[in-house]
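Here the structure is laid out as structure tokens; the discussion comes afterwards.
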Protein chains: 2
Amino acid sequence: MRYDLKHLATFVAVAEELNFHRAADRLTMAQPAVSRVVLELEERLGVKLLERTTRKVRLTESGRYLLEEAQDILGRIDVAENTVRLLASGTKAILRIGYTTITGHSLLPDITREFRRANPDVRLELTYLHAPAQRDKILQDEIDLGFIEGSFQSSEIESRPLAQHRLMALLPPNHPLSTRQSLTIDDLAREELVMGTNAEWPTLRRIVVDAFQKAGQVLTVAQEASSLTGILGLVTAGVGITIFTGMPRFCGEHAIVPKPIVTDPPVIVETHLAWRRASLSGAMRRFIETSEHVGRSYML
Amino acid sequence: MRYDLKHLATFVAVAEELNFHRAADRLTMAQPAVSRVVLELEERLGVKLLERTTRKVRLTESGRYLLEEAQDILGRIDVAENTVRLLASGTKAILRIGYTTITGHSLLPDITREFRRANPDVRLELTYLHAPAQRDKILQDEIDLGFIEGSFQSSEIESRPLAQHRLMALLPPNHPLSTRQSLTIDDLAREELVMGTNAEWPTLRRIVVDAFQKAGQVLTVAQEASSLTGILGLVTAGVGITIFTGMPRFCGEHAIVPKPIVTDPPVIVETHLAWRRASLSGAMRRFIETSEHVGRSYML
DNA sequence: ATCATTGATCCAAAAATGTTATCAATGTGC
DNA sequence: GCACATTGATAACATTTTTGGATCAATGAT
């Protein structure tokens, strides 16, 4: 670094006062030091910032520009410093949260709304990540909290069950099975199935595959899509049935018809909130508390 | 200033590498120095930025935030430094230009369009200022160039005539005088006159007052407005006639009817471009050149 | 013409910065 | 389980940088 904040601050003082002595007073240093610092800055930039006669100081075009920039930069540093302190004191906080599609469409919005209301000084950064990715990011300290289906086995990661969902079939409106009260795995095995890709929906896929296996069936997927909207679009278009953990809140029954899937024992998908045990902060603690509170109404 | 760019840059290097030795290499300094600088920064902020075991370095929440901010700030400083150099070398420039209403509605747009085309690296900052204010701002070096009516007498200020305008009466469409080819001061003295306020239009007011005086009349203003659009609004509404230096380009003849004012000798308002002799820069020189070129078609 | 005020320069003292050598802690590999 | 390499922190010392007081030359005001 060829110069530092001292140079900028000194230059700003001189440029604002247009007088080296007054600037020196303001900075509580001697005038020669001010002279030299400004000269040094000019020399290191290779640019004249001030036109000085022995009676008057005037900014050059470059100087004028640098004055504005430097004021701004120094201001930003002050703000940053302040924010750093607030973050450290716990007054402010930033929580980086991972979520999956299953948790993202109803549970997470409810929790964040509630949490924001009670903690306006905490910024939430939400990142869509499937469960395995969340595991990595939690361990690498790239997210603070993860909403996942199931839980992780790791001594470094702690998790708490938040919500339970039953598997549900989502049918297009005029599907033959839409008159039924509920469906079985055997019903579904005979149908065209639309499912999320394994890359994006690894956990749900595993759960569904297991459920089929237990019922003595094999899951055959007719069509895949990576996003929830993509899947629902295919269902609405009549391509087939999908299996999900509930009815997405934004769906109307005229486009998507939900039917419970009956199995014995019932398949229950548990959503967990997970975090690195060693990184637990105050804001995280409060977020976990809110999540458990809100999640209670999602428990069967 | 409690800490320097050195501290920020060092912290950024460590935070990015998450390793003091590699950071030291990158900064071409010894590792103990890096340690000390980071410790110093933490101490001065009063905030722990890095969690370090003897085997691993991890950012705290504050540290993560500061990393992003510091990267950004350092980047801005680089950009500022670069821009300062470009400004000094004349590659880039910022011209602060004052203009009055008379010059602002036709001459200035023509000049800036032409100038921008030829000098894309020069930013023009246009400020509306009446002539006396421009005089002060030029002397105080708060604007580089001023478009004014008339010229200043000052050894410090140089100016160049750019355009000449004849006084013109602007009438509402159905005014009795609108059938006439031209008008005299005596005609106008009998009419209701709408004029710009003295505060905002000092120069034009003085010119008009002088013209009336020479014709043995006294200017009586029925209604004042501060802005050109306000004045024209009053004229269109039939409140009275105004006196201006031409037909504003944005007016249609269905709303405003221009009539030449005949006097002997003719009253000619000369628009000048003025600047502080001592501040003449390359960009200013080019702007002046363009102005004179474009202005030529405005000379009678 | 005198005087006060301006920014720049010189020099010695003080402060800071950086380097080498070293340490304690902790994973890694055999 | 033990030697070893690697981690960040510390100590001591040399060097560089920074600072403040005295002073200077230039210049506008009285």
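Reminder, nothing fancy here: chain letters follow the sequence lines and each chain counts from 1.
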Whole angstrom is fine here: how far is it from CZ in B:F20 over to C1' in D:dA9?
-> 9 Å
May I have the distance from A:L5 (atom CG) to D:dT18 (atom P), rounded to whole angstrom?
-> 13 Å
Under 4.0 Å between any heavy atoms, over every strand shown, what does B:V57 touch: base, sugar-phosphate, or nothing? Just pick one.
-> sugar-phosphate
So, is B:H21 near the phosphate of D:dG8, with a side-chain N or O under 4.0 Å from OP1 or OP2?
-> yes
Of B:V38, B:L41, B:D4, which is the lone residue that meets side chain to side chain contact (heavy atoms under 4.5 Å, CB included) with B:T10?
-> B:V38
B:Q153 atom CD, over 12 foreign heavy atoms within 6.0 Å | no
With the criterion being N/O to N/O and under 3.5 Å, what pairs connect the protein with nucleotides 23-30 of chain D, and how long is each?
from, atom 1, to, atom 2, distance (Å)
D:dT27, O4', A:T54, OG1, 2.9
D:dG28, O4', A:R55, NE, 3.4

Can you check the B:L27 CG to C:dG18 C1' distance for me, whole Å?
-> 13 Å
Gap between atoms CD and P, on A:E40 and C:dG7 respectively (whole Å) | 18 Å
Expressed in angstrom and rounded to an integer, what is the separation of A:M29 atom CE from C:dA16 atom P?
-> 13 Å
Most 5' of A:A33 and A:K56 on DNA chain C, judged by nearest nucleotide | A:K56
Below 4.0 Å: OP1/OP2 of C:dA8 and any side-chain N or O of A:R52 = yes
Is there a donor-acceptor pair closer than 3.5 Å between any side-chain N or O of B:N119 and the backbone N or O of B:D121?
-> no
Within the structure shown, what part of the strands sits under 4.0 Å from B:E51 by heavy-atom distance: base, sugar-phosphate, or nothing?
-> nothing
Mind calculating the distance between CZ (B:R36) and C1' (D:dA12) to the nearest angstrom?
-> 11 Å
Give a yes or no on whether B:E68 atom CD has more than 12 heavy-atom contacts from other residues, nucleotides or ligands under 6.0 Å away.
-> no
Rounding to a whole Å, what distance do you find between B:K6:NZ and C:dT17:C1'?
-> 6 Å
To the nearest Å, give me how far apart CD (B:E17) and P (D:dT6) are.
-> 17 Å
